Every structure is written in C-alpha cells, then in structure tokens.
There are 2 protein chains.
Amino acid sequence: MDITEADGRLLDAAEALFYEHGIQAVGMDRIRAASGVSLKRLYQRFPSKDVLVEAYLRRRDGRWRGALAEYVATRPSAVERPLAVFDWLEEWFGEPDFRGCAFINAYGELGTASPAVSEAVRDHKAEVLRYLHGLVRDAGAAEPGPVAEQLAVLADGAITAAAIGGTPAPARSARKAASTVLEAAGVAQRQPAGCPAPGGHTVG
Amino acid sequence: MDITEADGRLLDAAEALFYEHGIQAVGMDRIRAASGVSLKRLYQRFPSKDVLVEAYLRRRDGRWRGALAEYVATRPSAVERPLAVFDWLEEWFGEPDFRGCAFINAYGELGTASPAVSEAVRDHKAEVLRYLHGLVRDAGAAEPGPVAEQLAVLADGAITAAAIGGTPAPARSARKAASTVLEAAGVAQRQPAGCPAPGGHTVG
DNA sequence: AATGGGCGAGAACGATCGTTCTCTCGTTTC
DNA sequence: GAAACGAGAGAACGATCGTTCTCGCCCATT
C-alpha cells in the first residue's frame, strides 16, 4: 500500500466514522481498524487527531461542494439553478446515512476548543455563500448579495431541520421560501427567458 | 443547601459549561467544582450524565421558549409578531456567550449515541414549530402550516449561520426572507389592521 | 453526653483516550 | 550472505473520563 492509498483509506474511514458518530466519540484506534492502516502510519501522515479532523473537514468540503455544483450545472437555464440547490438537498436528506451538516456538527463539538476546526467550518460556509452568490447573480437577481445570504440561511436551516426531524421535508419548505424570495428579487421562474416578472418590486 | 437549591446550582453549572464547551468536553467533576455541590449529591439527584444532559436540555428548552414568547408578546399587533421572532434572535446572537443552538449542538454530538438526547432535541424543535404556527395563524396567513415551517427553517438557519460566522447579521437576512414569505402569504405588514394586502395571491 | 446517620471531600476504580514505544519480520543493499 | 532499514501488530504510558467507595465530621435524637 503506497502513501496516497493509505491517505485515501484513512480519510475515507475518518469521514465515515466522524460523520456518523461525531468526532469525540471516535478514537484513533477505531480509524486504524476501519482503514486497515497501522497506527504508526496513521501518525506519520496525520501527526495528531486535530490534523486528521481538519483534513477530514477540508476534503469533505471539496467533495460536498463538487457534488452540489455538478448537480446544479445540469440545469439548462441559469434561472433554475438557485432552486436546484434545494432539489439536491432533498436528495441528500433522503440518503440513509444523512446525519446533518458535518461542519455544523464539528463546530458544535469542537468550535470552542480547536481554532483549526473553526476556521475550516467558516471557510466552508464562506465558499458555499460565494457559490450561491454566483448562482443568484447569473439568474439575474436585482441584488444578488442579500438574496444569496437569504438562500444560505434557508439551506442551513433545511439541513438542520432535516437532520433533527429525520425527514427530507424541510428541503421543500426551504425551496418554497427560496422561490418566493427569488421571485420578489425579480428572478422569473416559470416563464421562458426574456419575459420580466409583472409587478416586480424594483426596490431602491 | 436544600435539594431544590442544589438542583438549581447543578443545572446552572451544567448549562453554562455544556453550552460553552460542548457536552463531551465537560466532565462531571467540573460541574461539581462550578456548582459547589458534592459529587455524591450530584449522583443522588442525577444518577448518570445522560440524565443530567437531558435535564439540562429540557430546562433550557423551557427557558428559551419562555424568553422568546415574552419578547414577542410585547408587540401590540398580531401581524408584527412573526417577524419579532427574528428581532429577538438578533438580540440573542449579539450576546457575548452566544454559541449557536444548544439543541443542534447536542444532537450533532450525541444524537447517534443517546436516544434521550435525540428525543429532547426533537421535542424542542416541535414545540418551536407549534409556537410559530400559532403566531402565523394569528397574523392571518392564508396557510399557516407551510408558512410556519418556512419560518422555522429560517430561524434554524439564522442560528447556525450566526454561530459559525460570529455575527448577528444572519438574523436580518432571515427576517427579510420571512417578511417576503409572510407578504406572499397575505400577511400585511406596514399597513394598519383591517386593510387587506392588494394583489394577495389567494392560492388554492 | 452518647450515638448514629447523612453529608462533603476526595481517593479509588476500571475503562478509554491520544500518543509513543517495543518487538518482530520481510525486504533491500553492499 | 549479512546487515541495516522500514513497516505492522500491539503493548505500554500517562491522562482523563464516569462512577463508586472510604473516611472523617457535623448534627440530631434519646
């Protein structure tokens, strides 16, 4: 087993176990058992649990945003893409191992104790907001910034409500609210392109 | 020190420490030191840490919803009350010891391991939703159920975004989105009572 | 005044944690 | 072929956890 494969197996095991059981509930020895990588190698590659936790969060961030962007990009029209985010969330909520937002969970557990974790979580949320901002801007919203922030709040809320309630339903509530917000921001949704919404409040 | 005072001191210490540092990061001995109650008495009143954690969550639930309801009830008109929830959230976010939703944090940490914690968290969210439903209904929304669910998602999202970002700003984003959602549901907001919103979409 | 029971202080216990060390074995290199 | 190296398995270490036990003291009852 070469180093890149060992890294992959370690991060795969860490991600599965940390996400399912929480970080403090999973010991290093359990990651060794699940990955099949010896404890010595584990500490060669990740010199402390904190380092492993941060690597887990940063790799998950990339994968998560990549999967979201890949799904959203299949929508042919830019005006549909902001709402597609919530369709993707609904699919994610329905997966059997869904257990909420890994970053929110990590922050609640270690945000006070570990600055590295706090920073990784903040970076993730900032990247998601940036991504939403691009989607909202390309959809033609009058003021993309505030709208993107509202969509980010809706997405975070949907994730936590779905995790706690154990149902994907909050994705639909969030989608409906997002639709209302986008419509109020002048983003047409059912009509073909080039047809501005009637009575759009051009605030400002 | 009689039993009721010991209980109060224990729950006060548990709440402060669990909320600030997370549950697994706080040992029973630290709660003993902070409360001034002996370990023997602690285990007489709360026979295990799990019992103490559940008692902490349930008492915090009552206090939290009580403070919210007290604040909202000061608004004279029913149509203002749903949005007042987000004003209260903004004040809460600005408190120096704010660290997100105690229930979401506890769920992320112990939701897998402790059914008692999961149930307490679910009960809290269900009660909040019930409360929002009453506010939205009394404000005159056409379909209070879906609107209340959207407001609940917005509140949850605002709490997590504020915790991670370290700023109260998400309360304003959530409030703006809530305002848009309420307006679309036929709840007039600026006008005095008895003046139905023009062009309200009476869906259904 | 004698005594007994409950309480506080803190030691003790077994388990588990993150991390390091030891021992052994297979491989490589001169 | 011998010696040096690297890696795996797992014991070991010190710390900390949740929980229980011991001991000495204070107070109440007779």
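Residue numbers begin at 1 in each chain, while the letters A, B, ... track the order of the sequences. Computed from a prediction, not measured in an experiment: that's the story for all the values here.
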Nearest heavy-atom neighbours spanning B:E149 and A:S173 = OE1-OG, 3.3 Å
Restricting both atoms to N or O, compile the protein contacts to nucleotides 21-27 of chain C shorter than 3.5 Å, with distance only.
none

Reported CG-to-NZ distance for the pair A:L52 and A:K49, which is rounded to 0.5 angstrom = 8.5 Å
query = Going 5' to 3' along DNA chain D, which nucleotides are the first and last within contact of chain A (any atom under 4.0 Å from a heavy atom)?
reply = D:dA7 to D:dG8
Pairs of donor and acceptor atoms involving the side chains of residues 125-139 of chain B, under 3.5 Å and at least two apart or interchain, shall be tabulated with distances.
residue : atom : partner : partner atom : Å
B:K125  : NZ   : B:D156  : OD1          : 2.7

ask   = So, the side chain of A:Y107 versus the backbone of A:R122: is there a donor-acceptor pair under 3.5 Å, distance only?
value = no
ask   = In whole angstrom, what separates B:D2's CG from C:dC7's C1'?
value = 14 Å
ask   = At under 4.0 Å between heavy atoms, what does A:V37 touch on the DNA or RNA strands: base, sugar-phosphate, or nothing?
value = nothing
message = Listing request: all side-chain hydrogen bond (donor to acceptor under 3.5 Å, both in side chains) pairs with a residue in residues 75-85 of chain A, at least two apart in sequence or in separate chains.
response = A:Y71-A:R75, A:R75-A:D87
task = Return the minimal non-hydrogen interatomic distance between B:R60 and B:W92, and the atom names on each side.
result = NH2-CZ2, 3.9 Å
task = Could you tell me which residues satisfy ring pair (Phe, Tyr, Trp, His ring centres under 6.0 Å) with A:F93, sequence neighbours excluded, listed by chain and number?
result = A:F98
ask   = Bend across the helix from C:dA1-D:dT30 to C:dC30-D:dG1, to 10°, with axes taken over 5 pairs at each end?
value = 20°
message = What's the separation between atom CZ in B:F103 and atom CG in B:D123, rounded to the nearest 0.5 Å?
response = 10.0 Å
message = Using the rule given for salt bridge (Lys or Arg N to Asp or Glu O under 4.0 Å), can you reason through A:R58 versus A:D61, listing the C-alpha separation, both sets of side-chain angles and the distance that settles it, and then say yes or no?
response = CA-CA 5 Å; A:R58 297 215 177 265; A:D61 170 47; 5.9 Å; no
query = What is the distance from atom CD1 of A:I104 to atom CG of B:N105, rounded to the nearest 0.5 Å?
reply = 9.5 Å
